[in-house]
Amino acid sequence: MRFLGGLVIVSAAVALVGYVARAPAEALARTFVARFGLFGFAVGTFLADGLQFPVPPQFYMLLAIASGAPVVATIASIAVASVAAGCLGYVLGHFAARSSRIARATARYRDVLGRVYALHGYWTAIVASLLPVPYSVLCAAAGVNRLPGAFLALVSLCRIPKLIAFYWLVERGWALVTP
């Protein structure tokens, strides 16, 4: 329910921006795309999904939609950056787990996750990818808890349809208030 609520909130927020500040939003979007292009979408998404930067990938999706940037290229740049950022978070999590303080703090979770993963295998990754947990947190947690790389690969594979769904929702929210 929280995930569905989040989807509704994203669409409603985009519709509100489109209704209240459509012209300035379009001007900002065109300026951003003219200056940074698809690379800007990728860097922003990488920072958001890899280093917990507070501007989510949906913001870059909105910029793309408001500016008229190509859909497939936009989704591809955001998806590649998001998956790369997830890999970074996973690696950073592995390094963080070397700290005795972090290892002690996460030992209980590591045991529980290890048992769940041993019992349910890759279904654990699929279910985890559907939880209302940010992708970056999920990847870092997988690294800290030393889940196998295949877990990360499956979570990342599940990330792509979610990004496409978010793009569609952002586009639908923007289209709700088309003049």
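Across all non-hydrogen atoms, the minimal contact from R159 to P57 is NH2-CG, 3.8 Å. The heavy-atom pair separating A128 from F151 by the smallest distance is CB-CZ, 4.2 Å. What you find for A79 and L163 is that their closest heavy atoms are CA-CD1, 3.6 Å. Nearest heavy atom pair, residue A85 against residue G50, reads CB-N, 3.3 Å. Residues L63 and V33 share a closest heavy-atom pair of O-CG2, 4.4 Å. Across W174 and A66, no two heavy atoms sit closer than the pair CZ2-CB, 3.8 Å.
V144 and L92 fall into different hydrophobic clusters, defined by Ile, Leu, Val, Met, Phe, Trp and Tyr side-chain heavy atoms under 4.5 Å apart, directly or through other members. Residues W168 and V71 fall within the same hydrophobic cluster, defined by Ile, Leu, Val, Met, Phe, Trp and Tyr side chains chained together at heavy-atom separations under 4.5 Å. Under a hydrophobic-cluster definition in which Ile, Leu, Val, Met, Phe, Trp and Tyr are linked whenever side-chain heavy atoms come within less than 4.5 Å, directly or via other members, L152 and V80 are assigned to different clusters. F36 and V43 fall within the same hydrophobic cluster, defined by Ile, Leu, Val, Met, Phe, Trp and Tyr side-chain heavy atoms under 4.5 Å apart, directly or through other members. With hydrophobic clusters built from ILVMFWY side chains whose heavy atoms lie under 4.5 angstrom apart, L138 does not share a cluster with I102.
With values rounded to the nearest 0.5 angstrom, M61 atom CE is found 5.0 Å from I78 atom CD1. F46 CZ to Y60 OH: the interatomic distance, rounded to the nearest 0.5 Å, is 13.0 Å.
Applying the side chain to side chain donor-acceptor pair (under 3.5 Å) test to pairs two or more places apart or on separate chains, those with a residue in residues 86-98 are Y90-H94, H94-R146.
Defined by atom type and a distance below 3.5 Å, a donor-acceptor pair is missing between the side-chain atoms of Y135 and S129. With hydrogens and angles left out, the side-chain atoms of S67 and R30 include no donor and acceptor closer than 3.5 Å. When only modelled atom types and interatomic distance are considered, D49 and S136 share no side-chain donor-acceptor pair under 3.5 Å.
The closest side-chain heavy-atom distance from Y167 to Q58 is not below 4.5 Å. T124 places none of its side-chain heavy atoms less than 4.5 Å from the side chain of L147. F53 places none of its side-chain heavy atoms less than 4.5 Å from the side chain of L51. Residues L176 and Y19 form no side-chain contact, since every pair of their non-hydrogen atoms from C-beta on lies 4.5 Å or further apart.
Taking the six-membered ring for Trp and thresholds of 30 and 60 degrees, F32 and F41 have nearly parallel ring planes, at less than 30 degrees apart.
By the 4.5 Å side-chain criterion applied to Ile, Leu, Val, Met, Phe, Trp and Tyr, V91 is assigned to a cluster that also includes F95.
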